[in-house]
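Worksheet for the structure shown next.
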Amino acid sequence: MDLEAAKVRVQEEVDRRADLLLEVSHRIHGHPELVFEERFAADLLASALGTEAGIYGLDTAFEARTGSGDGPTVAVICEYDALPGIGHGCGHNVIAAAGLGAGLAAATLAEEAGGRLVVLGTPAEEGGGGKVLMGERGAFDGIDAALMVHPGGADLTEPDVIAIATWRVEYFGRGAHAAAAPHHGRNALDAMVLGYNAVAALRQHIAATDRIHGVFLEAGEKPNIVPDHTVAEWYVRSATIETLQPLKDRVLACLEAGAAAAGCRIEVQPTCAEYTDLRTNAPLVDRYRANSAALGRPVADPSASNRAVVSTDMGNVSYLVPSIHPMIAVSPPDVALHTAEFARWAASEEGDKAVIDGAKAMAMTVLDLWLAPGLAEEVRAAFGSGP
Ligand SMILES: [Zn+2]
Ligand SMILES: [Zn+2]
């Protein structure tokens with residue numbers, strides 16, 4: 001099978017489905033659902049792929065397999081969860097529709113090309129770690145490469161993906177009347193504030209690539225009641241999963257210091273699996289870049305002035321199998337992800353164009369993996385040699 005001819009055909013297969021893909025993108029956009037509650041989106045995508053949602057112990061995950069040859073097995077990843085208050089401010093409707101398009105189009109050529117394809121619906125990227133859970137439950141076993149595209153403000157080979165740990169932090173003190181018997185009280189708000197301030201002091205002495213941010217969720221009821229219970233949420237991020245570990249210890253020491261000073265007890269619970277950094281597979285992203293450029297959409301390497309710093313559970317996938325997570329432009333570069341403004345761009349004409357181009361560029365990259373001599377081995381070798 002001629003690779004270049006196959007790439008022309010797969011683009012036609014995407015174009016043939018353009019109406020469906022854009023309808024799916026807009027319907028998901030108009031019906032935003034939070035982590036693990038993506039019933040509407042998962043059902044819509046799964047039924048378009050001829051399957052049903054509900055696999056790997058997750059109601060809103062899905063998997064659609066095609067092909068029976070002994071060529072490489074390629075996974076195309078869909079995300080479809082939204083954010084509280086701002087809907088699709090991360091543009092996952094674009095990821096979902098582009099993944100669907102790549103999957104449907106490449107599937108039409110799978111038998112002929114002798115390759116296998118899996119479209120994976122991965123819920124709860126925004127703080128649920130759907131891909132981590134699916135990975136633990138075997139979703140990536142036997143996969144030779146995994147691809148997805150993420151919308152953003154520029155076409156980039158990858159975002160700067162940094163590792164993250166997320167914690168719910170609770171302080172337990174002793175309640176008292178703040179005027180009548182303050183000496184009986186142990187103030188859980190003081191503990192939380194002192195912990196916060198200790199972290200603020202720590203920030204001067206951490207790497208420029210580290211990020212620490214916390215918010216207070218429960219901080220007391222009334223000034224004349226000494227708060228006996230407070231709750232904060234903290235995110236700790238660092239360049240890699242390796243550099244994250246010592247940073248976590250230092251942040252934890254700060255939060256515990258607040259508890260010690262105020263005579264309170266502290267409990268720290270992870271709210272989600274830790275996300276790792278992303279190991280972009282170089283030979284694979286080179287193919288994606290060439291395919292995207294052929295569509296008139298050149299892809300740049302991230303630079304100091306043109307980058308996106310994020311965390312994603314696709315990082316964890318990249319530790320399991322060779323992976324790429326390029327960014328595809330839907331907005332001007334100065335529009336930030338996770339804003340209401342970005343949500344509008346995700347359903348704009350540019351967003352629609354990214355759905356079609358993203359589907360084509362991924363489907364063409366699937367064909368490269370199936371048909372380009374030596375590429376699958378090159379991709380495997382690059383994975384083995386680490387980042
Ligand atoms: Zn996001
Ligand atoms: Zn996202």
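Keep in mind that the numbers below use all heavy atoms, side chains included, and drop hydrogens, waters and symmetry copies. Order of appearance sets the numbers: ligands from 1, and atoms from 1 within every ligand. The structure displayed is predicted, hence computed values, not measured ones.
- In this structure, R203 has no salt bridge (charged side-chain N to carboxylate O under 4.0 Å, His left out) partners at least two apart in sequence or on a different chain.
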Item to check | salt bridge (charged side-chain N to carboxylate O under 4.0 Å, His left out) between R344 and E341, intermediate numbers included | outcome: CA-CA 5 Å; R344 285 192 290 277; E341 193 184 359; 5.5 Å; no

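- Only protein atoms were considered; those of element N, O or S under 2.8 Å from the Zn ion (ligand 2) number 3.
- In this structure, E79 and H150 have side chains that are in contact, with non-hydrogen atoms separated by less than 4.5 Å.
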Item to check | From CA spacing to verdict: side chain to side chain donor-acceptor pair (under 3.5 Å), T157, D301 | outcome: CA-CA 5 Å; T157 51; D301 288 318; 3.3 Å; yes

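- Cation-pi check for R279 over Y319 is met; the charged atom lies under 6.0 angstrom from the ring centroid and within 45 degrees of its normal.
- Within the 4.5 Å cutoff, no side-chain heavy atoms of E63 are placed close to those of M134.
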